[in-house]
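Remarks on the structure that follows.
All chains are named by letter (A, B, ...) in the order of the sequence lines, taking the proteins before the strands, and each is independently numbered beginning at 1. These numbers come from the heavy atoms of this one structure, side chains and all, not from hydrogens, waters or symmetry mates.
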Amino acid sequence: MIITDKTAPVTEQHSLDVEAIRRDFPILATQVNGHALVYLDSAATSQKPRQMIDALVAYYSGQNANIHRAAHTLASRATELYETTRQKLARFIGAPSPDEVIFTRNSTESLNLVAGSWGTANVHAGDEIIVTQVEHHSNLVPWQVLAQATGASIRVAAIDAHGLVDLDAYRSLLSPRTKVVAITHMSNVLGTIAPVAEMSRLAHEAGAIVVVDGAQSAPHLPLDVLSLECDFFALSAHKMLGPTGVGALWGRRALLEAMPPFLTGGSMIGHVDWDRSTWAPIPQKFEAGTPNIADVIAFGASIDYLEALGMEAVRHHEQEITAYAIATLRERHPAITIYGTDDTSVRGGVVTFNIRNVHPHDISEILDERGIAIRAGQHCAHPLHKILGTGATARASFYLYNLNREVDALSEGLARVETVFRRVIDRPAR
Amino acid sequence: MIITDKTAPVTEQHSLDVEAIRRDFPILATQVNGHALVYLDSAATSQKPRQMIDALVAYYSGQNANIHRAAHTLASRATELYETTRQKLARFIGAPSPDEVIFTRNSTESLNLVAGSWGTANVHAGDEIIVTQVEHHSNLVPWQVLAQATGASIRVAAIDAHGLVDLDAYRSLLSPRTKVVAITHMSNVLGTIAPVAEMSRLAHEAGAIVVVDGAQSAPHLPLDVLSLECDFFALSAHKMLGPTGVGALWGRRALLEAMPPFLTGGSMIGHVDWDRSTWAPIPQKFEAGTPNIADVIAFGASIDYLEALGMEAVRHHEQEITAYAIATLRERHPAITIYGTDDTSVRGGVVTFNIRNVHPHDISEILDERGIAIRAGQHCAHPLHKILGTGATARASFYLYNLNREVDALSEGLARVETVFRRVIDRPAR
Amino acid sequence: MTDQNPLYQDIILEYYEYPRNRGRVEDADACCQGNNPSCGDDLTVSLKVDQATIGPVMWDGHACAIGEASASMMTEAVTSQSADTARAWVKTVRAMITGRGDADETLELGDIESLRVVRNRPARVKCALLAWEAFDEALTLAEAVHARPRESTDA
Amino acid sequence: MTDQNPLYQDIILEYYEYPRNRGRVEDADACCQGNNPSCGDDLTVSLKVDQATIGPVMWDGHACAIGEASASMMTEAVTSQSADTARAWVKTVRAMITGRGDADETLELGDIESLRVVRNRPARVKCALLAWEAFDEALTLAEAVHARPRESTDA
Ligand SMILES: Cc1ncc(COP(=O)(O)O)c(C=O)c1O
Ligand SMILES: Cc1ncc(COP(=O)(O)O)c(C=O)c1O
């Protein structure tokens, strides 16, 4: 293994040293289809710094053991490392205590946990669950399943023409029947950021709890769950420089303690008899079976990396590149439609677009031939696409390692798309 | 990264080249507390060959992308690699089709999936669920939760004095009320192997389905789910040279297709509307959200490793070391009690024991000072420990990389335990 | 062919620009949707079967250039054919695109040959087959509706 | 002390071999279980409180040598003490073992000093504290049972 220094390039005065950062991401030096990789798909999953990869190698090569159940040295060291990530993550998101942080597989499982455990215990026939129009399937379908099982119903809070939650419409949906408000903090399609704190205050006045899908915000925004005033917050490690297979759920202690377990089995029990069992205290109560030990530990290195850069600086960088991308694409590609607001103070580094009469798959295919990776499709947000009035969209998404020159590469790739599809583009919109 | 050959040391005539194998496991060359590590805790989690670690590094350094949803090259290559592991695992366990293999976090989640999805849809008040006395909490507590939610009840099939399932007792429990028989294939405490095929035939005659907890058998026995005649089979990658954070569930296609989803969200849907959704075909229906892509892919390297050695050879090696361990410990340590049968044709490489009047924690502590890692406690099997009449046990467990000289080290360590605790050992049993 | 994109050959772009048989067959005997939920592709194939002869067949909806071109080509291939020949077409295109199953060597592929390029692009195979699979299903449905006993087309 | 194991000092082994106050207090005012589910340790502390004085206190069950020795030491330390002093003992031992919280420097640790070795062994901290925590809980319970108003012991 190469000997490497452990820390991320330190950030000066809010501006990232992106060239130095890029050297930490081995995949960014690779070629795809004979071209240098231009990775504009971080909203799907981020790339990984060598610090995280090295942590995995170090773990499996010298520290691997099962945790929580043994007295031997490897096992207690592994337990300590695992719990250290819980502390780091708690600090990173502003959770008052590491006990309130539960490790899951991904945001999807975190949201299922809330719907399945808190929801099943607290939602009844006639209750209402409010979601917003930008929800990812993972913060929608679990609530549908809960609603169907309990006889509750789903209410949908509309967005305005800029893709921002319409607060008046939201307010008018709230009522004593509202039990849950499920909000995507940052849309993975429009990049728009929801006014979570304000929505939470209103929801709490109505007596509802607030569940925030932070899959897109945790990687990109400075975070503090207490100032968001929410009750639950879900995130995925793989979107924030971490490994696949790790997610987390933060929840308020009193709620978590009152909730029944979600999955059951080893490690989450108190006493076990043949026909009944008692549960361990939180967070163990919600972590059944052998957890994803190695990846949780390696996720600690990703959090260290983000903290060393500073989330304010990450956010600042992404606002700049997003503004540059919106301006560049608009100027050079008259047939483009860009969705969502242009105001980067309320949007993150996700630029979703269409080119008149060209299917997003064809756009991504042609870009891919030049090593440019974007997404095409519905981005796990079918209902939102109906509202946008399009079957599918193309999405370029940015992260701390992206550069304006990659936006230029995207633009050149789109010029090639326009050449191939010139004749259909020039026709009226279908 | 070091350039390494990819394959495991090829096995000749059923006998493993253990010295060569050990060179593939970097952790086995490390020291713990100033002594060469003697790792006898593989039943908790196995150590990892560099082939698996290299696969992880290769993935994150050059292949990382989210799967199933994109047209770009990295994403389709990652999808292919991910699905290749599904094919390998299907072949490894004898599943008729890769579609019948679902990736989960661990055995515990696999068993929760069956209890939560099949169970909730099919088990009703008055029904009975049979478990055996050796069940790990992960194949017991989910059934308790199901029983409590549905009004079904748990029946417990007894083991005999050798720790083997008493088939007559089992037969007498079966009735038309039996809906599920949940069997641990190989006990993680006694090492005993259940006659799954025979138990399955009897269960099917009674109209019940059979759920096998293969957490301990998949790593150690040649497997064929069809000849086991079971309906579901759960396993954990981390116990079979694979990474943490990956488990699998095999189930019969017709059952899986008829089951409702377990977790919901991205990737497992067909169509999504605001208030209802349809589901993708299996296996996607059961894999909500971004799966543990990297670890599933790396698990493929572990399966390759096991297949190159041959599971017959692995089994043979473990029978030999187990027989040697039982004989050595009995001969040199008169105050020892070893649980379970001595017949290695029906037991795996797990040797659980006690030394008179010495608490297992004290045993493991003294062994740990010499770099010997064993487990002490109840091994997630509280009810079984009540039957064994002991509060806790010490457990040494073997795998394909263990040598007889490590059994000797264990024995020398126990001699040290006896020296420290001589006076209490010489007193009558408490 | 100098600057021609390997996937977006002129023939495919031409079909994409000028779709054939796009729309809905009125009073269709059967109507089936083919979709690719993750990418939002959504095609509907509608058809009539008159005695032993298929037609008209139309497709509607949205897909990528490959998917829409393939849909147009499908309608041209199967219209006025017998059910057996239409099924041979489906099997042949499936075999050409996926490399699995047998092709009917007697069929003249013509323009359809251009779809062969998706073979090494798993993400596009689904697009190219979408309309063919929907047609296959619609045909089966239409036959069931007519409740005519049909001869097996499997070897 | 030459061949003495760092954890298993003679003093701990002596207490393990000859437990003090093992068993159950008859007609106890309170009885609390301390357990460590994953390792199967299970201790029950029972006690009486007579006026302001604690005693008898006994422990029963099974734990490792550290856990059992610690339980015996606990009974010796708290018997015949006032509730306040007993609580100061619990806090002091907790502080010594975990490094968190304040110790009462005026208490003479004596044999209990030997428990300090678990401090860097997280897996054993729980064992060493088991009986003390169970005692703490039992004392609170007993006081509640007597329904006597007690002075706060927190600084
Ligand atoms: C027999 C048995 N079943 C189930 C499990 C649970 O496995 P996991 O913790 O990987 O879910 C284990 C291992 O801990 C086991 O030994
Ligand atoms: C807004 C949003 N919510 C939820 C998810 C689901 O995350 P995961 O697939 O990691 O569970 C994603 C990412 O796919 C997302 O962008």
Step-by-step side-chain contact (heavy atoms from CB on, under 4.5 Å) determination, A:Thr45 to B:Thr290: CA-CA 9 Å; A:Thr45 198; B:Thr290 303; 5.6 Å; no
Working for side-chain contact (heavy atoms from CB on, under 4.5 Å), residues B:Val57 and A:Tyr60: CA-CA 11 Å; B:Val57 173; A:Tyr60 284 128; over 6 Å; no
Under 3.5 Å, side chain of B:Asp368 to main-chain N/O of A:Thr73, donor-acceptor pair present? yes
Chain A interface, residue from B:Asn33, B:Thr30, B:Leu28 that has the most non-hydrogen pairs under 4.5 Å: B:Asn33
When A:Asp273 is tested against each of B:His382, B:Lys386, B:Gln144 for side chain to side chain donor-acceptor pair (under 3.5 Å), which residue passes? B:Lys386
With chain A, which of B:Pro142, B:Ser42, B:Pro260 has the greatest number of heavy-atom pairs at distances under 4.5 Å? B:Pro142
What verdict does the side-chain contact (heavy atoms from CB on, under 4.5 Å) test give for B:Leu37 and A:Leu74, after you've listed the backbone C-alpha separation in whole Å, the side-chain angles of each residue and the deciding distance to 0.1 Å? CA-CA 10 Å; B:Leu37 171 63; A:Leu74 282 179; 3.9 Å; yes
If we ignore hydrogens and angles and just use 3.5 Å, is the side chain of A:Ser61 paired with the main-chain N or O of B:Pro26 as donor and acceptor? no
Donor-acceptor contact present, side-chain A:Asn66 to main-chain B:Ala44, <3.5 Å: yes
At a 4.5 Å cut-off on heavy atoms, which part of A:Ile387 comes close to chain B: side chain, backbone, both, or neither? side chain
Contact class of B:Ala373 relative to chain A, heavy atoms under 4.5 angstrom: both
Relative to chain A, which segment of B:Ile293 carries a heavy atom at a distance below 4.5 Å: side chain, backbone, both, or neither? both
